[in-house]
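Inspection log for the structure reproduced underneath, given as structure tokens.
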Amino acid sequence: MHYQRSSTLFKEAKQFIPGGVNSPVRAFQSVGGTPIFVEKASGAYLYDVDGNILIDYIASWGPMILGHAYPPVIEAIKRRAEKGTSFGMPTELETTIASLALQMIPNMDKIRFVNSGTEACMSAVRLARGATKREKIIKFKGCYHGHSDAFLIQAGSGAVTFGSPSSPGVTQGTAKDTLLAGYNNLEEVTSLFEEYPDEIAAIIVEPVAGNMGCVLPKNGFLEGLRSLCDRYGSLLIFDEVMTGFRLAKGGAQELLNIRADIATYGKVIGGGLPVGAFAAKEEIMKHLAPEGPVYQAGTLSGNPLAMAAGLAMLQALNEDAALYSRLDQKTQRLEEGFHSVLKSLDLPYQINRMGSMISLHFTEKEVVDFETSALGNNNRFNSYFHGMLKEGIYLPPSAFESYFLNDALSFSDIDKTIEAFAEVVKKL
Ligand code: KE4
């Protein structure tokens, strides 16, 4: 495999775009080397600008759960585009996707569409603060909720890779209202509530974390957050930007049977177009403009093209009862293949998986939070990443990310991946 064209395009891009990319994690700074420029993608495969064909395990960081260029989504976008792409006026389409999403998501009465996961999480926090009239929030080290100031306090994902746990440009004024606890550490959360008993508007949490690799909630962790919020009158925000419509139709709320007060969405809900959303019960949503005083707005929110793509995606997920078990079986096959290769080698490793979210960590200790995730051998991960790339397998270019499987992956793709894996890891 060669990447001449990608490296030429990367040099060119850097003349006009900071770091040559429009989102830092794409720049390969964590794994080294030159980012791959994509020509097109279809199903489970990426076709890069050098003619390489890669089996895709990031699915655009989650959205492409049914595979790339899924025909009903493409069709919906084409048909809708002929009617015009944006009006700044309400359309029936927004009601249609809102009502379908609320049929699929448990426990919520209303949903507001925005343009990204960041916007959804930022708006959810403002809504929680407005509804509770409190200012502080609790987030977890290693969890990432997008790049809004309130979250860039030891965020996971790209920020961790850049080794700047609290990003420059975030003011002390903002930082003081974001309290941090360790993921899976209920004691730390409890002591924060004891210290600020009537100041915490909300806890925001990834119910299954995907930004420190995949990290699962320990038994009782989410239930503990739920009861702390109930006891202290705070709201529990589930950031389901990754897990929503991926772990189950109803996301982590359904799969883990925990009720959130506000849930945020992104990625899958837009079918690959820019869509975020947040949903809550009526008594919370009534605080949101224009009904209530909590302001939130967006020129392209509910954009008809994006709504058409998202609706086609949600309809496909809603009508395919066997999808989630298929995805689970495929990811289980991958996990079992990794285990069968690794257990014959003298390599410390952990594999974390929930449904079609999975990550491999080169470390002895169980990965249950940011600290244990950061103990992973990054050099080994980077050689692994590039080794797999050479074998035509595209993995997340950072040890602090989850893989996202898509339903277009065939079992023979998975078996090919395991064969490549066996070749690569024995050389680590
Ligand atoms: P966006 O603003 O990137 O649509 O969503 C932010 C976000 C919010 N919440 C969670 C749990 C997320 O994982 C994300 C974004 N995820 C990263 C991947 N770890 C997006 C990739 C990128 O930053 O380019």
Side-chain angles (χ1 to χ4, degrees), residues 17-31 35-36 38 56-65 113-125 137 139-153 155-162 167 183 203-217 237-247 251-253 260 262-279 298 300-301 303 306 309-310 354 356-359 370 373 394-404:
I17 302 168
V21 291
N22 284 305
S23 196
V25 74
R26 301 176 193 168
F28 275 25
Q29 286 203 351
S30 157
V31 291
I36 305 289
V38 182
D56 179 19
Y57 281 94
I58 69 167
S60 176
W61 301 102
M64 311 326 296
I65 190 169
F113 288 98
V114 294
N115 301 282
S116 69
T118 295
E119 215 186 326
C121 293
M122 176 182 80
S123 310
V125 163
I137 61 168
K139 79 170 286 287
F140 295 90
K141 282 176 268 185
C143 282
Y144 177 68
H145 306 292
H147 64 91
S148 161
D149 282 7
F151 304 134
L152 292 181
I153 316 285
S157 188
V160 169
T161 311
F162 281 55
S167 166
Y183 196 79
I203 296 174
I204 184 165
V205 65
E206 291 180 56
V208 174
N211 287 290
M212 22 185 172
C214 178
V215 175
L216 278 52
I237 302 173
F238 268 11
D239 175 352
E240 294 228 44
V241 169
M242 277 186 173
T243 56
F245 307 103
R246 170 166 284 279
L247 293 184
Q253 281 195 100
I262 304 175
T264 63
Y265 299 93
K267 299 179 190 281
V268 171
I269 199 170
L273 266 63
V275 178
F278 54 106
L300 295 172
S301 295
N303 169 271
M354 177 77 79
S356 59
M357 292 172 65
I358 183 171
S359 59
F370 175 60
S373 174
Y394 192 78
L395 301 176
S398 159
F400 292 98
E401 298 289 353
S402 173
Y403 306 11
F404 297 101

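Just follow the structure's listing: the first ligand is 1, and inside any ligand the first atom is 1. Below, each value reflects all heavy atoms present in this structure, side chains not excepted, and no hydrogens, waters or symmetry copies.
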Self-check item: Contact (N/O only, under 3.5 Å) between Val241 and ligand 1
Solution: no
Quiz item: Are any of the side-chain heavy atoms of Ser359 and Met212 separated by less than 4.5 Å?
Solution: no
Practice problem: For Glu206, take its heavy atoms, then give the atoms of ligand 1 lying under 4.0 Å from any of them. | Solution: 11 (C)
Exercise. Of the side chain and backbone of Val25, name the one, both, or neither that has a heavy atom under 4.0 Å from an atom of ligand 1.
Key: side chain
Practice problem: Report yes if the side chains of Ile203 and Phe140 come closer than 4.5 Å at any heavy-atom pair, otherwise no. | Solution: yes
Quiz item: Any idea which atoms of ligand 1 are less than 4.0 Å away from a heavy-atom of Met242?
Solution: 13 (O), 19 (N)
Quiz item: Can you tell which part of His145 has a heavy atom less than 4.0 Å from ligand 1: side chain, backbone, both or neither?
Solution: backbone
Self-check item: Check: Tyr265 ring centre within less than 6.0 Å of Phe245 ring centre
Solution: yes
Quiz item: With a 4.0 Å heavy-atom cut-off (strictly under), which part of Lys267 contacts ligand 1: side chain, backbone, both or neither?
Solution: side chain
Exercise. Would you tell me whether Glu401 and Ser398 have side-chain atoms, one donor and one acceptor, within less than 3.5 Å of each other?
Key: no
Quiz prompt | Side chain, backbone, both or neither: Glu401 near ligand 1, heavy atoms under 4.0 Å | solution = side chain
Quiz item: What are the atoms of ligand 1, with element, lying closer than 4.0 Å to any heavy atom of Ser23?
Solution: 22 (C), 23 (O), 24 (O)
Quiz item: Going by distance only, is there an N or O of Thr118 that falls short of 3.5 Å from an N or O of ligand 1?
Solution: yes
Practice problem: Provide the number and element of each atom of ligand 1 under 4.0 Å from a heavy atom of Gly117. | Solution: 1 (P), 2 (O), 4 (O), 5 (O), 6 (C)
Quiz item: Which atoms of ligand 1 are found less than 4.0 Å from any heavy atom of Gly146?
Solution: 6 (C), 7 (C), 8 (C)
Quiz prompt | Evaluation steps, side chain to side chain contact (heavy atoms under 4.5 Å, CB included), between Ile36 and Tyr394 | solution = CA-CA 9 Å; Ile36 305 289; Tyr394 192 78; 4.0 Å; yes
Quiz prompt | Side-chain heavy-atom pair Pro35, Arg26 within 4.5 angstrom cut-off | solution = no
Quiz item: Yes or no on side chain to side chain contact (heavy atoms under 4.5 Å, CB included) for Val241 and Cys121, after CA distance, side-chain angles and deciding distance?
Solution: CA-CA 9 Å; Val241 169; Cys121 293; 4.2 Å; yes
Practice problem: Look at the rings of Phe400 and Phe370 and say which category their plane angle falls in: under 30° parallel, 30 to 60° tilted, over 60° perpendicular. | Solution: tilted
